Amino acid sequence: AAETGQLRLSRAAVDVFALAEEVVREARVTLKGRPLRLAVSGERHAYAWADPRRTRQVLTNLVSNAVKATVEGSVVLTIGKDEQRNMTTVSIADTGRGIEPEVLQTIFEPYRQAGDQQARRGGAGLGLAIARRLVLLHGGTIEAQSEVGRGSSFTIALPDEAHATTLPRDSLVPWLDAGSSDVSVDVGIV
């Protein structure tokens, strides 16, 4: 996508609850004995009209970040439906260190990382920027809320299967222009 400036989205009905369970199962391997509870709750039959591979990429990134930020406590994915907007939602909430308000405003920018140098565990600071672009390219939204010392919550909303008649199954979307779209990203501070 970076080379061509375009990304191919291959949309299908994605069982978001089942996908979240797979991502959580994979994340458990990285815990290395830490007292951290990973769980999925909410709507068991919530489907998104999205690219399954890219949806997995977004969820994996957000769960990985939550696990890195949380020494002990929990990371919980809550699946829901926004019937008014015909969207399927996923909220990833952790009980980690949280993000300072001034940093929270910039976390979706490329090469930005929250937390002090010692608390970070690798990465180039591209994960949230890529996740944001992927969500926006699907016609979705992403929000972040955080309170220092109490944790963070990231919520994505993706078009549900009702959009199957309005959004094409396969499409090329402009990858390089995604960050400059008119779609806004809501960032809230608790």
Side-chain angles (χ1 to χ4, degrees), residues 1 6-30 36-67 70 74-95 107-108 126-146 151-175 177-179 181-188:
Q6 293 185 321
L7 177 76
R8 177 169 301 281
L9 291 180
S10 297
R11 293 177 184 88
V14 177
D15 182 340
V16 178
F17 194 94
L19 182 60
E21 286 183 317
E22 290 174 20
V23 169
V24 163
R25 194 169 31 258
E26 292 165 4
R28 282 193 179 108
V29 175
T30 68
L36 185 59
R37 182 178 73 88
L38 294 173
V40 180
S41 67
E43 293 280 338
R44 285 201 166 271
H45 303 289
Y47 289 84
W49 182 246
D51 185 311
R53 184 170 156 228
R54 300 304 177 183
T55 303
R56 173 186 284 280
Q57 185 177 356
V58 170
L59 292 181
T60 298
N61 178 272
L62 294 174
V63 168
S64 174
N65 285 352
V67 167
T70 310
S74 64
V75 174
V76 178
L77 283 73
T78 305
I79 315 303
K81 295 180 183 180
D82 181 341
E83 301 289 349
Q84 288 184 320
R85 297 187 307 151
N86 289 327
M87 301 291 259
T88 296
T89 61
V90 182
S91 176
I92 298 96
D94 67 60
T95 59
I107 60 172
F108 292 108
L126 289 172
L128 288 176
I130 291 170
R132 174 185 177 264
R133 282 191 177 186
L134 290 172
V135 169
L136 295 179
L137 288 172
H138 278 87
T141 60
I142 186 166
E143 299 174 0
Q145 296 182 334
S146 189
S152 302
S153 175
F154 287 81
T155 302
I156 64 169
L158 293 170
D160 69 14
E161 69 273 30
H163 290 272
T165 59
T166 59
L167 293 173
R169 178 174 295 279
D170 291 305
S171 62
L172 282 175
V173 292
W175 175 252
D177 296 328
S181 71
D182 292 332
V183 179
S184 65
V185 175
D186 298 321
V187 178

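Quick caveat: nothing in here was measured; it's all calculated off a predicted structure.
Closest approach of Phe17 to Glu43, counting heavy atoms only: CD1-O, 3.2 Å. Scanning both residues, Thr155 and Ser91, for their nearest heavy atoms gives OG1-OG, 3.5 Å. Residue Asn61 comes nearest to Gly127 through the heavy atom pair ND2-CA, 3.1 Å, listed as atom of the first residue, atom of the second, then distance. The heavy-atom pair separating Arg169 from Trp49 by the smallest distance is NH2-CH2, 3.6 Å. Counting all heavy atoms, side chain and backbone alike, Ser41 lies closest to Val76 at OG-CG1, 4.1 Å. When all heavy atoms of Leu36 and Ser74 are compared, the pair lying nearest together is CD1-N, 3.6 Å.
Judged by distance alone, with hydrogens and angles left aside, the side-chain atoms of Thr60 form no donor-acceptor pair with the main-chain N or O of Gln57 at under 3.5 Å. Side chain of Asp94 to backbone of Gly151: no donor-acceptor contact under 3.5 angstrom is found. Under the 3.5 Å distance criterion, the side-chain polar atoms of Arg11 are matched with a main-chain donor or acceptor of Pro168. The closest donor-acceptor contact from the side chain of Thr78 to the backbone of Gly42 lies at 3.5 Å or more, if one exists at all.
In this structure, the side chain to side chain contact (heavy atoms under 4.5 Å, CB included) partners of Ala48, at least two apart in sequence or on a different chain, are Val16, Ala50, Thr88, Leu158. Scanning for side chain to side chain contact (heavy atoms under 4.5 Å, CB included) contacts around Ser10 gives Arg8, Asp51, Asp170, with sequence neighbours left out.
When Leu134, Thr55, Leu59, Thr89 are each tested for a side chain to side chain contact (heavy atoms under 4.5 Å, CB included) with Ile156, only one passes: Leu59. Of the candidates Asn65, Val75, Val23, Val75 is the only one forming a side chain to side chain contact (heavy atoms under 4.5 Å, CB included) with Ile92.
In this structure, the side chains of Arg85 and Thr141 come closer than 4.5 Å at one or more pairs of heavy atoms. Put simply, the side chain of Leu136 does not reach to within 4.5 Å of the side chain of Phe108, judged on heavy atoms. Between Leu19 and Asp15 there is no side-chain heavy-atom pair separated by less than 4.5 Å. Counting only heavy atoms from C-beta outward, the side chains of His138 and Val58 never approach each other to under 4.5 Å.
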Given side-chain contact (heavy atoms from CB on, under 4.5 Å), test Arg133 with Leu7 step by step and report yes or no.
-> CA-CA 11 Å; Arg133 282 191 177 186; Leu7 177 76; over 6 Å; no
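Listed by first then second residue, pairs satisfying side chain to side chain donor-acceptor pair (under 3.5 Å) with a partner in residues 20-29 read Glu22-Arg56, Glu26-Arg56, not counting sequence neighbours.
From Leu38, atom CG reaches atom OG1 of Thr30 across 7.5 Å, with rounding to the nearest 0.5 Å.
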